[in-house]
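Below you'll find the structure, written out as structure tokens, and then a few comments.
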Amino acid sequence: MNTIRQRLIEIADYKQLSVRAFEEFCGLKRGNISNLAPGGNIGSDKLSKIVDMVPEVSLDWLLTGRGKMLKEDLSEVSSIFSYGDNDEVETRPRIPLDAVAGSLSIITQSVSEAECERFPVISRFPKYDFTILVKGDSMEPEFHSGDEIACRIIEKPSFIQWGRPHVLDTYQGVVLKRIYNRPDAILCKSNNNAYDDYEVPKEDIYHIALVVGAIRLY
């Protein structure tokens, strides 16, 4: 399995540096790469430092493993990340709660934006408000456990796209499902037929967010 840690090691090899020397080259702390857990994610602040030092490396490849390590056009940096007025990389919060693909999780306290890690905006995705990690297999093969999904909060019920995957913030927790309208509830369906459908009362739903993109770390 090709993980983001392995791809970072490949970049170090390309630069003919040890992992420790590559960490120093990018201004990272010792262990930021070498101690990265298999399948783990690199923080947006560290990712920005790597991007600054090796702009010839494809960000799409680094984040997803797709395509080639080296890009042909250095302007690809601008095509993947969104930039603000001050040429700073735009970010969105990553909600530190798993979207449980299979059953609802219990949330004991709310999460403030200050508690969220910031992750660079992927400009090729439609507009989105946050990302969250998937856990479980009920939405396979479309979404795998460990996928990071980008979501846009639905402001009005008329904007809900019934039948498409959404993340529901409910009284009982956070859940990722395909949703369908019912008079007093929302029907939640899995892609995996091993999981039964169920309904969530509309009064128990705080927020609904449409899934607009996904990143898979191989």
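Every heavy atom of this structure was used, including side-chain atoms; hydrogens, water molecules and symmetry mates were not.
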Pairwise salt bridge (Lys or Arg N to Asp or Glu O under 4.0 Å) hits with a residue in residues 201-214, at least two apart | none
How close do Arg5 and Ser34 get, heavy atom to heavy atom, and via which atoms?
-> NH2-O, 3.1 Å
Results of side chain to side chain donor-acceptor pair (under 3.5 Å) for His207 - residues two or more places apart only = Asp169
Which residues satisfy the salt bridge (Lys or Arg N to Asp or Glu O under 4.0 Å) test with Arg20, sequence neighbours excluded?
-> Glu23, Glu24
Only one of Leu8, Leu36, Ile33 passes side-chain contact (heavy atoms from CB on, under 4.5 Å) with Val19; say which it is.
-> Ile33
Spell out, as yes or no, whether a donor-acceptor pair under 3.5 Å connects the side chain of Asp129 to the backbone of Ile153.
-> yes
Backbone N or O of Asn192 within a donor-acceptor pair of the Ser190 side chain at under 3.5 Å?
-> no
Any side-chain heavy-atom pair from Lys68 and Trp61 closer than 4.5 angstrom?
-> no
Side-chain (Arg92) to main-chain (Tyr128) donor-acceptor, under 3.5 angstrom | yes
What pairs with Lys189 under side chain to side chain donor-acceptor pair (under 3.5 Å), at least two apart in sequence or on another chain?
-> Asp197
Sub-3.5 Å donor-acceptor pair from the side chain of Lys49 to the main-chain atoms of Gly27, do we have one?
-> yes
Residue set satisfying side chain to side chain donor-acceptor pair (under 3.5 Å) with Arg164, at least two apart, ordered chain then number -> Gln161
What pairs with Glu142 under side chain to side chain donor-acceptor pair (under 3.5 Å), at least two apart in sequence or on another chain?
-> Arg178, Asn191
Do you know the tightest heavy-atom contact between Leu62 and Ile4?
-> O-CG1, 3.4 Å
Quick check: does any side chain N or O of Asn35 sit under 3.5 Å from a backbone N or O of Asn32, one acting as donor and the other as acceptor?
-> no
With distance as the sole test, does Arg182 use its side chain to make a donor-acceptor pair with the main-chain N or O of Leu187 at under 3.5 Å?
-> no
